[in-house]
Amino acid sequence: MTSFILHCDLDCFYASVEVRDNPDYKGLPVIVGSDPKGGTGRGVVSTCNYEARIFGLHSGMPISLAYRNCPHGIYLRPSRDKYNVASKQVMKIISSYSEIFQKVGLDEAYLDVSSVCRDWKDVKILAEKIQKDVFQKIGITISIGCATTKSLAKIASDFNKPHGITIFTQFNFKDMIKDLDITRVPGIGKKSKVHYHNNGIKQIKDILNLSLPRMRDLFGKHGFWAWKVVNGLDKRRVREKTSGRKSMSQERTFNEDTGDSVIIMEKFREINEKLHKSFIKHNLTCKTITLKIRFEGFITYTRSNTLLYPIQDKLKVLEEILKLYEEFKDKKEKVRLLGIKLSNLEKTRNSIQTSIINFAHT
Ligand code: TTP
Ligand code: MG
């Protein structure tokens, strides 16, 4: 099944919020950053709008240089509280379009819409709807990239900024990315670029022309990753929302402290059974299992194990708990309380509603 992944990135985020709140700035170059002090200021540009980018201004540029290139710009100090509020509002809107949502920083988010879209036409309609929704409700623009993997979706969102929607299908993505500079590949920055350039690799097509073993020979793990990205083989999943729940736990205090291993095992089973029921009900998996054990005299220990893969199976959870319990089983003291906590929760993939949301008509 084809995955449909969206990467949403707000356009010149801080500057967009400033222009929204001061309509007089519309159409003028707006720079958010430190005080330029007439060209002698220290510090850098946090961001600037696209009107300012025409003058060569960009994030991270010394504010003095920005001022020299664009003295007539509107220079503003950042109002972070305002940006935090706008970010929360935008994220709420984006996350309402799919349960599989991952926020990255203040102004980026991934959405897996595989279970709500049948084809790329649906994906486009959905992206347009999100874009419109954000603009109407929050008053700022967003660019959206749609592709089969997270990294390709990220490259796509940057493809046509601002206020763009770019779709890389499984059929056309190589053609769409081949002429881009290699620094568009997430992970290839200014430093690693030099190494690639020294080997004659400047555009994405130069990577596409190499085999995986060759890329690995030349650039090690880094090359392996870049090759996977441009060939659409980045398998990372969009982290799934867990309805805000971070962990699930249950604990039981024995009516009487006990050293009886049969009673202790029975209690572990009972707690695990209870947790498993909630797990099934909420379609959750966990990666981290924590044992809590309290002995007589209130001496309490917790021990955790984080697995490489999420689990839901109740026998597997019990097995992990018993492994953690090993350390305590020969203790002389009697046990007063036992607890299990499951954390690092994710929604299971098959739990995502398979019904197609008829977003085209809402
Ligand atoms: P970005 O998404 O990198 O940039 P942007 O949203 O301003 O512009 P674009 O249209 O290219 O996406 O960063 C998001 C916000 O993070 C940005 O508005 C300001 C802040 N930021 C800094 O404060 N310093 C920085 O160096 C960068 C890159 C961003
Ligand atoms: Mg942005």
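All values derive from a computational prediction rather than experimental measurement. Counting starts at 1 for both ligands and their atoms, in listed order. These numbers come from the heavy atoms of this one structure, side chains and all, not from hydrogens, waters or symmetry mates.
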Review point. Counting only heavy atoms, which portion of K161 has something under 4.0 Å from ligand 1: side chain, backbone, both, or neither?
Key: side chain

Exercise for review: Starting from atom 10 (O) of ligand 1, locate the nearest protein heavy atom and write down its residue, its atom name and how far away it is, to 0.1 Å.
Suggested key: Y50 OH, 2.6 Å

Review point. With distance as the sole criterion, is a donor-acceptor pair present between the side chains of S304 and T290 under 3.5 Å?
Key: yes

Practice item. Just need the protein heavy atom nearest to atom 25 (C) of ligand 1, so name the residue and atom and give the distance. Key: S46 O, 3.7 Å

Exercise for review: Report yes if D11 has an N/O atom closer than 3.5 Å to an N/O atom of ligand 1; otherwise report no.
Suggested key: no

Review point. Backbone or side chain, does any N or O of F13 fall under 3.5 Å from an N or O of ligand 1?
Key: yes

Study note, to complete from the structure: Note: L10, heavy atoms under 4.0 Å from ligand 1, region reported as backbone

Practice item. Return yes or no for this condition: an N or O of C12 is under 3.5 Å from an N or O of ligand 1. Key: yes

Check your understanding: the Mg ion (ligand 2) as vertex, arms to OD1 of D9 and OD2 of D107: angle to 10°?
Key -> 90°

Check your understanding: Do we see a donor-acceptor contact under 3.5 Å between the side chains of N231 and K174?
Key -> yes

Point to revise | Shortest protein contact, atom 15 (C) of ligand 1 (heavy atom only) | key: Y14 CE1, 4.0 Å

Review point. Does K161 make a cation-pi contact with Y50, if we ask for NZ or CZ under 6.0 Å from the ring centre and within 45° of the axis?
Key: no

